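Here the structure is laid out as structure tokens; the discussion comes afterwards.
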Amino acid sequence: MSDGFQVVMSDLQAAATTFHAEAKTFLGIMPDACPALPDGGSGAFNESLSAVVDAACLLHLQIGGDIDDNGTKLQTAHDRYQHTEESLTTLSQQISDPAQIK
């Protein structure tokens with residue numbers, strides 16, 4: 001079923017931490033607000049420039065959010081594997097010694 005697949009808890013935790021940290025780094029490379037734009041001398045050009053810069057700013061925020069979201073998903077996977085491992089350990093101990101069943 002899972003030939004060669006092994007979940008390493010510390011790797012999941014490290015990856016989650018790295019994704020969260022890199023999301024902050026990525027978001028930090030641009031200011032929170034879009035920069036002031038120069039006057040291009042034409043209303044049509046200024047509107048087009050503003051639309052492009054606004055789109056780039058929004059896309060940057062979206063990518064940063066996606067990176068952080070991946071860190072959250074990795075953390076969730078870590079937590080679920082850890083919980084499952086603890087549950088299986090408890091179950092194994094209860095099977096070995098039925099007197100432990102509460």
Side-chain angles (χ1 to χ4, degrees):
M1 285 187 225
S2 60
D3 294 336
F5 179 74
Q6 180 182 12
V7 175
V8 179
M9 301 298 286
S10 60
D11 289 346
L12 278 175
Q13 184 66 57
T17 301
T18 299
F19 269 80
H20 286 304
E22 292 304 317
K24 289 178 186 174
T25 300
F26 183 81
L27 289 170
I29 63 175
M30 281 182 62
D32 290 338
C34 287
L37 302 175
D39 185 355
S42 161
F45 176 80
N46 288 346
E47 285 180 30
S48 295
L49 179 62
S50 178
V52 169
V53 170
D54 286 346
C57 289
L58 290 174
L59 183 59
H60 180 260
L61 292 173
Q62 180 65 44
I63 292 170
D66 287 345
I67 294 169
D68 192 57
D69 188 48
N70 285 325
T72 299
K73 289 176 182 177
L74 286 164
Q75 183 64 53
T76 299
H78 169 272
D79 295 346
R80 287 182 180 167
Y81 274 115
Q82 184 173 8
H83 174 74
T84 300
E85 187 174 305
E86 290 169 357
S87 295
L88 289 174
T89 299
T90 301
L91 180 60
S92 174
Q93 289 170 347
Q94 290 174 345
I95 290 170
S96 298
D97 184 5
Q100 291 185 18
I101 299 175
K102 296 175 184 163

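Every value quoted in this text rests on a predicted model; they were computed, and no experiment measured them.
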Side-chain polar contacts of residues 55-66 - donor-acceptor pairs under 3.5 angstrom, sequence neighbours left out - could you list them?
residue: His60; atom: NE2; partner: Phe26; partner atom: O; Å: 2.9
residue: Gln62; atom: NE2; partner: Asp66; partner atom: OD1; Å: 2.9

Donor-acceptor pairs are to be reported for all side-chain atoms of residues 32-39 against protein atoms at under 3.5 Å, with residues two or more places apart or in another chain.
residue: Asp39; atom: OD1; partner: Gly41; partner atom: N; Å: 2.9
residue: Asp39; atom: OD1; partner: Asn46; partner atom: ND2; Å: 2.8

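Judged purely by atom type and a 3.5 angstrom limit, Thr76 uses its side chain to pair as donor or acceptor with the backbone of Thr72.
One distance of note links OG1 of Thr17 with CG of Leu12; it measures 10.5 Å at 0.5 Å rounding. Distance check, rounded to the nearest 0.5 Å: OG1 of Thr90 to CD of Glu85 gives 10.5 Å. In this structure, Asp11 CG and Thr18 OG1 are separated by 10.0 Å, a value rounded to the nearest 0.5 Å. We find the CG-CD distance between Leu27 and Glu22 to be 11.0 Å, quoted to the nearest 0.5 Å.
Under the 4.5 Å side-chain heavy-atom criterion for Ile, Leu, Val, Met, Phe, Trp and Tyr, Ile29 and Phe19 are members of the same hydrophobic cluster. Taken together through direct or relayed side-chain contacts under 4.5 Å among Ile, Leu, Val, Met, Phe, Trp and Tyr, Leu74 and Tyr81 form part of one hydrophobic cluster.
Residue Gln75 comes nearest to Gln13 through the heavy atom pair OE1-NE2, 2.8 Å, listed as atom of the first residue, atom of the second, then distance.
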